[in-house]
Amino acid sequence: MDFPKTIGVIMDGNRRWAKERGLPTKDGHEVGAKKLQELLEWLKGTEIANIICYAFSTENWKRDEHEVSYLMQLLETVLQDKKILESGYQITVIGERQKLPLSLQTSISFVEQVTKNNAQRLFIALSYGGRAELVMACNNLIKKTKAPIGEDDIQNELFTKDIPDPDLIIRTGGRHSLSNFLIWQAAYAELYVTDTLWPDFAKEELGVLLTRFSQATRKMGS
């Protein structure tokens with residue numbers, strides 16, 4: 001099978017999953033966090049070198065204060081989990097991490113240091129927004145008084161400057177939108193949307209999507 005080298009995953013549907021079962025929202029987020037650990041196991045040792053998972057967007061800060069607080073605690077717990085630390089992945093957080101709680105920033109720095117020598121890479125997008133990323137890149141270039149500005153200049157100022165653009169983006173939850181995820185980098189990515197909510201996403205469905213990708217003809221704009 002022709003595997004993509006980089007994939008993006010929009011992990012959507014935790015809250016709907018909980019609501020459908022009459023459960024608290026936090027239960028959906030907890031199951032969703034475990035699903036991420038499962039995904040890493042499924043893809044471990046494959047040719048997929050880079051996985052970029054959309055965990056918390058810049059827009060998510062607008063959610064209920066209690067839910068946001070809980071999500072920050074859950075993210076910290078996930079990053080401290082032995083399964084993550086020993087997953088074999090190099091873990092990096094991309095996004096406006098200065099907006100995150102200090103304790104979470106500390107956990108991020110720790111896990112990045114501990115896993116830095118691993119080959120397969122997991123990038124977790126936290127407090128991330130594609131538009132905010134582009135604004136940041138342009139402001140950085142203005143400070144450098146560089147003109148004219150080309151695509152490579154912008155690329156080199158993005159959070160993802162050291163990550164190849166995604167070949168494939170998978171979105172669970174049925175919504176046909178990037179939701180401000182990798183809007184520059186996704187220019188030629190294959191986008192596969194499944195109605196399956198993130199907590200229900202299964203290894204078998206991932207296999208089907210990867211097979212579809214391997215059979216697709218990618219023209220890259222030509």
Practice prompt. Give every residue pair that meets the salt bridge (charged side-chain N to carboxylate O under 4.0 Å, His left out) criterion with at least one member in residues 197-208, sequence neighbours excluded.
Written response: R21-D200
Practice prompt. Starting from L197, walk the hydrophobic network (Ile, Leu, Val, Met, Phe, Trp, Tyr; side-chain heavy atoms closer than 4.5 Å) and list everyone else you reach, by chain and number.
Written response: W17, L23, V31
Discussion item. For a quick check under 3.5 Å, do Q185 and E133 share a side-chain donor-acceptor pair by atom type?
Written reply: yes
Worksheet item: Hey, are the side chains of L158 and W184 touching, using non-hydrogen atoms and a 4.5 Å cut-off?
Response: yes
Item to complete: Show your working on side chain to side chain contact (heavy atoms under 4.5 Å, CB included) between Y192 and I169 and close with a plain yes or no.
Response: CA-CA 6 Å; Y192 293 154; I169 293 177; over 6 Å; no
Item to complete: Check the side chains of D2 and S214 for a donor-acceptor pair under 3.5 angstrom, ignoring hydrogens and angles.
Response: no
Worksheet item: Do the non-hydrogen side-chain atoms of D167 and F213 ever get within less than 4.5 Å of each other?
Response: yes
Worksheet item: Which salt bridge (charged side-chain N to carboxylate O under 4.0 Å, His left out) pairs, counting each pair once, include a residue from residues 91-114, with sequence neighbours left out?
Response: E96-K99, R97-E112
Discussion item. Test: salt bridge (charged side-chain N to carboxylate O under 4.0 Å, His left out). Region: residues 55-66. Which pairs qualify, not counting sequence neighbours?
Written reply: R63-E67
Item to complete: Can you see which heavy atom on A202 is nearest to which on W42, and at what distance?
Response: C-CH2, 3.5 Å
Practice prompt. State which residues pass ring-ring contact (aromatic ring centres under 6.0 Å, His included) with Y89; sequence neighbours excluded, sorted by chain then number.
Written response: none
Fill in: All ring-ring contact (aromatic ring centres under 6.0 Å, His included) counterparts of F201, not counting sequence neighbours
W198
Worksheet item: For the side chain of S87 and the backbone of I84, is there at least one donor-acceptor N/O pair under 3.5 Å apart?
Response: yes
Practice prompt. Report the residues that fulfil side-chain contact (heavy atoms from CB on, under 4.5 Å) with E30, sequence neighbours left out, ordered by chain and then residue number.
Written response: K26, D27, Y70, L74
Worksheet item: Is any side-chain heavy atom of I91 less than 4.5 Å from a side-chain heavy atom of I124?
Response: yes
Worksheet item: Side-chain contact, heavy-atom cut-off 4.5 Å: I108 with L126?
Response: yes
Fill in: Interatomic distance, T25 atom OG1 to K19 atom NZ [nearest 0.5 angstrom]
9.5 Å
Item to complete: Grab the two heavy atoms, one from P199 and one from G28, that are nearest each other, plus how far apart they are.
Response: CG-O, 4.1 Å
Fill in: Non-hydrogen side-chain atoms of D81 and L85 separated by less than 4.5 Å
no
Worksheet, complete the sentence: Scanning both residues in full, the closest heavy-atom pair of N60 with A55 reads OD1-O, 4.4 Å
Discussion item. Test of understanding: with ring-ring contact (aromatic ring centres under 6.0 Å, His included), list the residues that count as partners of W61, not counting sequence neighbours.
Written reply: F56
Practice prompt. Only counting residues at least two apart or in another chain, list the ones meeting salt bridge (Lys or Arg N to Asp or Glu O under 4.0 Å) with K44.
Written response: none
Worksheet item: With a 4.5 Å heavy-atom cut-off, do R171 and D12 have their side chains touching?
Response: yes
Worksheet entry | Residue pair T92 / V111, side-chain heavy-atom distance below 4.5 Å | no
Fill in: From CG (D162) to CZ (R121), nearest 0.5 Å
7.0 Å
Worksheet entry | Residues that E157 engages under salt bridge (Lys or Arg N to Asp or Glu O under 4.0 Å), provided they are two or more places apart | K144
Worksheet item: Can you name the salt bridge (Lys or Arg N to Asp or Glu O under 4.0 Å) partners of E41, sequence neighbours left out?
Response: none
Discussion item. Once salt bridge (Lys or Arg N to Asp or Glu O under 4.0 Å) is applied, do any residues pair with K161, and if so which ones, sequence neighbours excluded?
Written reply: none
Worksheet item: Counting only N and O atoms by type, is there a donor-acceptor contact under 3.5 Å from the side chain of Q120 to the main-chain atoms of L43?
Response: yes
Worksheet item: Is the shortest heavy-atom distance from the side chain of N50 to the side chain of I7 under 4.5 Å?
Response: no
